[in-house]
Amino acid sequence: MVLSYSFLWGREDDRGETSGRKDRPAAIVIIRSDFGPGKLVYVVPITHSEPAEGDASKIPLPRQIKERLGLDEERSWVDLSEYNAFVWPGDHLRPTQQTHRANSSEQECLYGYLPRRFFAQLRQTLYEYRASNKPRITIRR
């Protein structure tokens, strides 16, 4: 699932901020139900910031997938170096831009779903990155 989410970067959390500076698409990559009555959801951000040379933490989001999700036309990457974790549904879900444009009374946070093949690639890259690096996890309350 790709959601509209107020992603809190680690540097923002370090400064004591409690909400992300902007709402952005974020992909759910892990759901855990073994921590209590609610589901613990881990999301990674989708960003326009290009990776540095040799940076394996960002994978490009193909244009066709962005179109299918209704996202903008700029190049984007899924950033695997940082996660937010929250108990579902959480206070940080936001209406998508499509919901705002349609002036809908329903506040829909879902952009859509990643295709199975791309999600499998994302999970594999995520696994490889986590094996050699320590991603930053920000717990949202």
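Everything numeric here is computed off the predicted structure, so don't read it as measured data.
- With hydrogens and angles disregarded, a donor-acceptor distance shorter than 3.5 Å links the side chain of S4 to the backbone of P95.
- Between L110 and V2 the shortest side-chain heavy-atom distance does not fall below 4.5 Å.
- With a 4.5 Å cut-off on side-chain heavy atoms, W77 and H48 do not count as touching.
- Note that the SG atom of C109 and the CZ atom of R94 stand 10.5 Å from one another [nearest 0.5 Å].
- When atom types are taken as modelled, the side chain of R140 and the backbone of S6 share a donor-acceptor pair closer than 3.5 angstrom.
- If you chain together hydrophobic residues whose side chains sit under 4.5 Å apart, V41 and L93 fall into the same group.
- By the 4.5 Å heavy-atom criterion applied to side chains, Y129 and S81 are counted as neighbours.
- T47 approaches S49 most closely through the heavy-atom pair OG1-N, 3.0 Å.
- Under the 4.5 Å side-chain criterion, counting only non-hydrogen atoms from C-beta, L69 is not in contact with P25.
- Note: L114 CG to R123 CZ = 11.5 Å, rounded to the nearest 0.5 Å.
- Hydrophobic clustering (side-chain heavy atoms under 4.5 Å, transitive across Ile, Leu, Val, Met, Phe, Trp, Tyr) groups I30 together with L40.
- In the hydrophobic clustering of ILVMFWY residues, with side-chain heavy atoms under 4.5 Å counting as a link, V43 and I137 come out apart.
- A distance of 11.0 Å separates CZ of R141 from CG of L8, quoted to the nearest 0.5 Å.
- Surrounding CD of E73 are at most 12 heavy atoms belonging to other residues, nucleotides or ligands under 6.0 Å away.
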For side chain to side chain contact (heavy atoms under 4.5 Å, CB included), just list the numbers for I59 and L126, CA-CA rounded to whole Å, side-chain angles, deciding distance to a tenth of an Å, and then say yes or no.
CA-CA 10 Å; I59 61 172; L126 174 70; over 6 Å; no

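- Panel note: side chain N84, backbone F7; no donor-acceptor pair is recorded below 3.5 Å.
- Shown here for Y113 and R68, the closest heavy-atom pair between the two residues is O-NH2, 3.3 Å.
- By the 4.5 Å heavy-atom criterion applied to side chains, L122 and F119 are counted as neighbours.
- Side chains of D14 and R136 form a contact here, defined as non-hydrogen atoms less than 4.5 Å apart.
- Nearest approach of S76 to I46, heavy atoms of both residues: CB-CG2, 3.9 Å.
- Placement of V87 and I28 in two distinct hydrophobic clusters is found when ILVMFWY residues are connected by side-chain heavy-atom separations under 4.5 Å, directly or transitively.
- Counting heavy atoms of neighbouring residues, nucleotides and ligands inside a 6.0 Å radius, atom CZ of F118 exceeds 12 of them.
- Judged by distance alone, the side chain of D72 and the main-chain N or O of E74 form a donor-acceptor pair under 3.5 Å.
- Side chain of E12 to backbone of T18: no donor-acceptor contact under 3.5 angstrom is found.
- The main-chain N or O of P89 is never found under 3.5 Å from a side-chain atom of K39 such that the two would form a donor-acceptor pair.
- You'll find the side chain of D79 reaches within 4.5 Å of the side chain of S57, heavy atoms only.
- Classification of the Y5-F86 ring pair by plane angle, with boundaries at 30° and 60°, yields parallel.
- Neither side chain, D23 nor H92, offers a donor N or O lying under 3.5 Å from an acceptor on the other.
- At most 12 heavy atoms of other shown residues, nucleotides or ligands fall within 6.0 angstrom of atom CZ in R116.
- Residues V44 and I139 share a hydrophobic cluster, clusters being chains of Ile/Leu/Val/Met/Phe/Trp/Tyr side chains in contact below 4.5 Å.
- Taking each heavy atom of P45 and R24 in turn, the nearest pair found is CB-CD, 3.6 Å.
- Counting heavy atoms from C-beta on, the side chains of V29 and V78 never come closer than 4.5 Å.
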